[in-house]
Amino acid sequence: MIEPARLRRDIQGVASRLALRGFTLDVARFEALDTRRRDLQAETERLRNERRTTSRRIGAAKAAGEDIAPLVAAVGGLGDRLSAAARDFDSVRAELDEFSRSLPNVPDASVPPGRDESDNLELRRWREPADFNFTPKDHVDLAPSLLDLEAAAKLSGARFSVLRGPLARLHRALVQFMVDTHVQDHGYEEVYVPYIVDRAALLGTGQLPKFEDDLFAVRGERDQFLIPTAEVPVTNLVRERILAASELPLRFVAHTPCFRSEAGNYGKDTRGMFRQHQFEKVELVQVVAAGDSWPALEELTGHAETILRKLDLPYRAVALCAGDLGFAAAKTIDLEVWLPAERRYREISSCSNFLDFQARRMMARCRSPESGRPEYVHTLNGSGLAVGRTLIAIMENYQDGDGAIHVPDALRAYMGGVTRLDAAA
RNA sequence: GGAGGGGUGGCUGAGCGGUCGAAAGCGCUGGUCUUGAAAACCAGAGGAGGAUCACCUCCCCAGGGUUCGAAUCCCUGCCCCUCCGCCA
């Protein structure tokens, strides 16, 4: 959420910053709502004050044995006027709240301008893509016996996978390797969290109220959803908390499945397991003091990059342009892995600094050691990494042209001695 | 699923429908004392929103209701605990 005082102070400035990301802020609507809000709030509070003062006087008069009838008569229509004003105030406030919660975060000044993916700014590359002396296959053609998309389609429809034998194991090995690296080398605390969350959690991280169509709702009497990312349950661990400064930074790593309806992506990445309704991800989440989030973004991105480097996968880092930025992010650095069959880099991790945007929505604060007052924390997260996509990258980059896929050295310990997968049918 | 008991400030825990944002204890912060610490003593301190920055309003799980007035009474929901049943 954008700071309400900032909206009131500089709505035009915010509007022009949001325009960079292609968002049109309805300035007139905000100003009209806020004017109404101010008037109704003043009126409501004035009436409440009057009621309180009079009621206390009645109490005092009664205790003194005086006649309270005239006083009671004096507050006559007050109740009705108050409830009318309060009702209007509540509805305007709800409208304003919905409006504010629908505004995306303001892009940081360092975010490159641009409309879409093609305007993203490449920051660095690591390892040039290898030259194959044969035509590399994509992951679908590589492992027909181990990646069974038809079986998955029979069970659940499009955009699901069934992995078999050593490929399923490689998938699991990746999870263990990633989590272990982040815990042992990078100092994260591993957490296990629910995969079903309520509306409040999704409001906190920004998936709601705007993106309900992207989620799978759970049927039943409860209003719950499958998590689209571990970001939701993990970041919400600090919701409505006032942390001690000494507790920060918090660094969590969680492995969870993620569920996305992919509504609006019907024609996109339909082949293979690149874009799925269900996939595994190892997620890094940091909660830091307000001044520390920019270095933390660099650090967290580096932690995700470490996984790619240990797996010896060619990748590049790009800064998302304003138009490509996610709803809650002030800045995002994507890591894109090289896929030889596609001959291009594809997203495998997205590392974002949300500044206090999520913290405001969640009321996640920390007590300032200087002032002793609560102030909003900053939150960050990034994939470390998307497991299914990493599996694709290994399959495609580690193929040998004879129908085999070699196991990266870093994963050997997790593969029980298996060093190559015979993936052909 | 059935039966019962609870949800009050960082924690424990009081609170006749009427200055109750709320006693007390612990913990916390500052001070006195001390070489330093502890102890003792003194003092201080909740959160949110608004504002004409003097103040005002809201918050005792949440949402309704009764009342001139609700932490306190009534209803609903949520959560926690105990027992029984079932169960990965």
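Numbered from 1 within each chain, the chains take letters A, B, ... in sequence-line order. Remember, predicted model here, so these are calculated numbers, not experimental data.
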Closest-nucleotide 5' rank along RNA chain B - winner of A/Asn49 and A/Ile58: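 It is A/Asn49 whose nearest nucleotide is closer to the 5' end.
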A/Ala60 or A/Thr53, whichever maps to the more 5' nucleotide of RNA chain B: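 With A/Ala60 and A/Thr53 compared, the 5'-side residue is A/Ala60.
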Using a cutoff of under 3.5 Å, can you pull out all pairs of nitrogen or oxygen atoms linking the protein to nucleotides 86-88 of chain B, with atom names and distances?
none

Ignoring hydrogens and angles, write down the donor-acceptor pairs under 3.5 Å from the side chains of residues 166-175 of chain A, residues two or more places apart or on other chains.
none

Interatomic distance, A/Thr379 atom OG1 to A/Met362 atom CE [nearest 0.5 angstrom]: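 Output value for this atom pair is 5.5 Å.
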Interatomic spacing from CZ in A/Phe327 to CG in A/Asn105 - rounded to 0.5 Å: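 Between A/Phe327 CZ and A/Asn105 CG, I get 8.5 Å after rounding to 0.5 Å.
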[X] [atom1] to [N] [atom2]: how many Å, rounded?
X: A/Arg56; N: B/rU19; atom1: CZ; atom2: P; value: 7 Å
X: A/Leu82; N: B/rU57; atom1: CG; atom2: P; value: 12 Å
X: A/Glu66; N: B/rG18; atom1: CD; atom2: P; value: 18 Å
X: A/Glu50; N: B/rU57; atom1: CD; atom2: C1'; value: 14 Å
X: A/Glu240; N: B/rG10; atom1: CD; atom2: P; value: 13 Å

Can you sort out the partners of [X] under side chain to side chain contact (heavy atoms under 4.5 Å, CB included), two or more places apart, ordered by chain and number?
X: A/Ala200; answer: A/Asp198, A/Arg239
X: A/Glu50; answer: A/Arg46, A/Leu47, A/Thr54, A/Leu78, A/Arg81
X: A/Ala328; answer: A/Phe354, A/Phe357, A/Gln358

Say we look at [N] and [M]: how far apart would their [atom1] atoms be, to the nearest angstrom?
N: B/rU8; M: B/rG13; atom1: P; answer: 9 Å
N: B/rG17; M: B/rG5; atom1: C1'; answer: 25 Å
N: B/rU82; M: B/rA43; atom1: C1'; answer: 44 Å
N: B/rG69; M: B/rC16; atom1: C1'; answer: 15 Å

Charged tip of A/Arg260 within 45° of A/Phe216 ring normal and under 6.0 Å: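 Judged by the rule, A/Arg260 and A/Phe216 form no cation-pi pair.
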Check: A/Val232 main-chain N/O paired with A/Asn236 side-chain donor or acceptor under 3.5 Å: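 Confirmed, A/Asn236 side chain pairs with A/Val232 backbone.
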Any donor-acceptor N/O pair, A/Arg361 side chain to A/Thr205 backbone, under 3.5 Å: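 Flag not set: sc A/Arg361 to bb A/Thr205 has no pair under 3.5 Å.
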Applying side chain to side chain donor-acceptor pair (under 3.5 Å), which residue pairs with at least one partner in [range] are found, sequence neighbours left out?
range: residues 277-290 of chain A; result: A/Tyr188-A/Gln286, A/Thr229-A/Lys281, A/His255-A/Glu280, A/Lys281-A/Glu283, A/Gln286-A/Glu299
range: residues 319-336 of chain A; result: A/Ser110-A/Lys331, A/Asn120-A/Asp324, A/Arg316-A/Glu336, A/Thr332-A/Ser352, A/Asp334-A/Ser350
range: residues 8-18 of chain A; result: none

All salt bridge (Lys or Arg N to Asp or Glu O under 4.0 Å) counterparts of A/Arg367, not counting sequence neighbours: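 By the salt bridge (Lys or Arg N to Asp or Glu O under 4.0 Å) rule, A/Arg367 matches no residue at all.
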Sugar-phosphate only, base, or nothing, as touched by A/Arg48 at under 4.0 Å among non-hydrogen atoms: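 Touches sugar-phosphate only.
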Strictly under 3.5 Å: I want the nitrogen or oxygen pairs between protein and nucleotides 69-71 of chain B, one per line.
unit_1 : atom_1 : unit_2  : atom_2 : d
B/rG69 : O4'    : A/Ser55 : OG     : 2.9

Residue-phosphate contact under 4.0 Å: A/Arg52 side-chain N/O, B/rU57 OP1/OP2: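 Yes.
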What pairs of nitrogen or oxygen atoms, one from the protein and one from nucleotides 77-80 of chain B, lie under 3.5 Å apart?
unit_1 : atom_1 : unit_2   : atom_2 : d
B/rC79 : OP1    : A/Arg222 : NH2    : 2.5

Distances for protein N/O vs nucleotides 44-54 of chain B N/O pairs under 3.5 angstrom?
unit_1 : atom_1 : unit_2   : atom_2 : d
B/rG47 : OP1    : A/Arg367 : NH1    : 3.3
B/rG47 : O3'    : A/Arg365 : NH1    : 2.8
B/rA48 : OP1    : A/Arg365 : NH1    : 3.0
B/rG49 : N2     : A/Glu45  : OE2    : 3.4
B/rG50 : OP1    : A/Arg8   : NH1    : 3.2
B/rG50 : OP1    : A/Arg8   : NH2    : 2.4
B/rG50 : O4'    : A/Gln41  : NE2    : 3.1
B/rG50 : O3'    : A/Arg37  : NH2    : 3.1

Contact check, side chains of A/Pro233 and A/Ile227, non-hydrogen atoms, under 4.5 Å: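 Contact flag for A/Pro233/A/Ile227 side chains = yes.
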